[in-house]
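Just below is one structure, and these are the notes that go with it.
Just so we're clear, the structure is a prediction, and the values are computed from it rather than from any experiment.
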Amino acid sequence: MSRQAWKPGNMLYPVPAVMVSCARPGEEPNIVTIAWAGTVNSDPPMVSVSVRPERYSHDIIKETGEFVINLTTKDTVFATDYCGVKSGRDVDKFEAMHLTPCPSVAVSCPGIAESPVCLECRVTQVIPLGSHDMFLAEIVQVTVDERYLDENGKFHLNDLGLVAYSHGEYFLLGEKLGSFGYSVRKK
């Protein structure tokens with residue numbers, strides 16, 4: 001086997017492609033697409049999103065201390081891409097992409113109604129890292145679209161057509177390969 005050495009770079013793929021909504025009081029809400037997002041803690045439930053300081057949403061999130069992570073699906077992938085390449089300084093992304101702001105329960109900015117899962121977040125810390133600032137945040141509320149609950153109230157997250165981002169491309173998550181702990185289960 002032969003391997004090549006490359007310069008350091010972000011090759012940790014795939015990552016979730018999420019739309020993050022935010023809003024200043026009295027202004028139209030905005031959406032920014034984030035690929036640098038992840039889970040960082042279970043108790044309390046916490047996430048991180050990393051945003052370039054020059055992005056329009058950066059200052060909104062920094063000033064308000066709130067945002068909503070909206071999971072993306074096959075049905076919203078076009079809007080996901082658009083919200084990552086257009087600036088909220090120039091265009092109302094909700095209007096342009098025909099997305100619907102939905103009221104949040106615990107934060108003042110809206111979620112996106114077309115998203116099956118909205119994670120309402122409050123910033124606990126901002127860490128400047130260089131090209132991006134990382135916003136650590138506690139998830140203070142989760143809302144899910146009731147259309148995806150079965151008759152027993154179970155939410156089928158993996159049947160939603162969730163989207164991942166890998167090396168400049170969007171992918172539909174699909175084939176199940178196992179479940180947590182399957183490698184050590186007794187047969």
Side-chain angles (χ1 to χ4, degrees), residues 10 14-40 46-145 160-171:
N10 289 317
V15 293
V18 297
M19 290 189 283
V20 172
S21 49
C22 55
R24 285 187 185 102
E27 294 182 9
E28 293 298 319
N30 190 49
I31 305 166
V32 62
T33 298
I34 302 289
W36 307 137
T39 300
V40 296
M46 294 183 72
V47 292
S48 69
V49 295
S50 291
V51 184
R52 289 182 178 275
E54 60 268 19
R55 296 297 300 259
Y56 179 64
S57 294
H58 177 278
D59 289 344
I60 297 171
I61 294 170
K62 194 168 184 178
E63 290 169 21
T64 64
E66 298 179 336
F67 59 89
V68 178
I69 295 176
N70 303 274
L71 298 190
T72 59
T73 64
K74 181 179 179 180
D75 294 338
T76 61
V77 72
F78 185 86
T80 301
D81 184 67
Y82 182 91
C83 291
V85 297
K86 292 290 188 176
S87 175
R89 288 182 186 94
D90 306 321
V91 64
D92 179 336
K93 297 178 195 178
F94 275 98
E95 182 180 313
M97 289 291 98
H98 308 288
L99 296 171
T100 311
C102 65
S104 293
V105 175
V107 297
S108 59
C109 54
I112 300 171
E114 290 76 11
S115 174
V117 179
C118 299
L119 307 173
E120 300 177 20
C121 302
R122 282 205 188 100
V123 175
T124 60
Q125 189 176 1
V126 182
I127 303 170
L129 298 173
S131 64
H132 290 68
D133 286 351
M134 180 171 40
F135 293 91
L136 289 177
E138 184 173 347
I139 301 168
V140 294
Q141 186 70 55
V142 176
T143 62
V144 298
D145 189 327
L160 302 179
L162 295 174
V163 171
Y165 179 81
S166 183
H167 204 58
E169 299 176 307
Y170 302 97
F171 291 90

Could you tell me whether a side-chain N or O of K86 sits under 3.5 Å from a main-chain N or O of K93, the two making a donor and an acceptor? no
Quick note, ring-ring contact (aromatic ring centres under 6.0 Å, His included) partners involving residues 46-83, not counting sequence neighbours, are H58-F135
Sub-4.5 Å side-chain heavy-atom contact between T64 and S108: no
So, the side chain of S48 versus the backbone of L136: is there a donor-acceptor pair under 3.5 Å, distance only? no
Among residues at least two apart in sequence or on other chains, which ones pass side chain to side chain contact (heavy atoms under 4.5 Å, CB included) with A23? P29, C109, P110
Residue list, side chain to side chain contact (heavy atoms under 4.5 Å, CB included) with V140, at least two apart or on another chain: A106, V107, E120, R122, E138
Please examine the side chains of T72 and T33, heavy atoms only from C-beta on, and report whether any two atoms are closer than 4.5 Å. no
Counting distance only, does the side-chain N/O of Q141 pair as donor-acceptor with the main-chain N or O of S104 below 3.5 Å? no
Donor-acceptor check, side chain of K74 to backbone of G161, threshold 3.5 angstrom: yes or no? no
Could I get the full list of ring pair (Phe, Tyr, Trp, His ring centres under 6.0 Å) partners for H98, not counting sequence neighbours? none
Tell me, please, which residues at least two apart from E95 pass side chain to side chain contact (heavy atoms under 4.5 Å, CB included). D92
Can you find a heavy atom in the side chain of E66 that is under 4.5 Å from one in the side chain of C22? no
Side-chain contact test, heavy atoms from C-beta onward, threshold under 4.5 Å: evaluate it for I34 versus V51 and give yes or no. yes
Taking only residues two or more places apart in sequence, or in another chain, which ones meet V77 in a side chain to side chain contact (heavy atoms under 4.5 Å, CB included)? V163, Y170
Looking only at atom types and distance, does a side-chain atom of N70 sit under 3.5 Å from a main-chain N or O of M19, one as donor and one as acceptor? yes
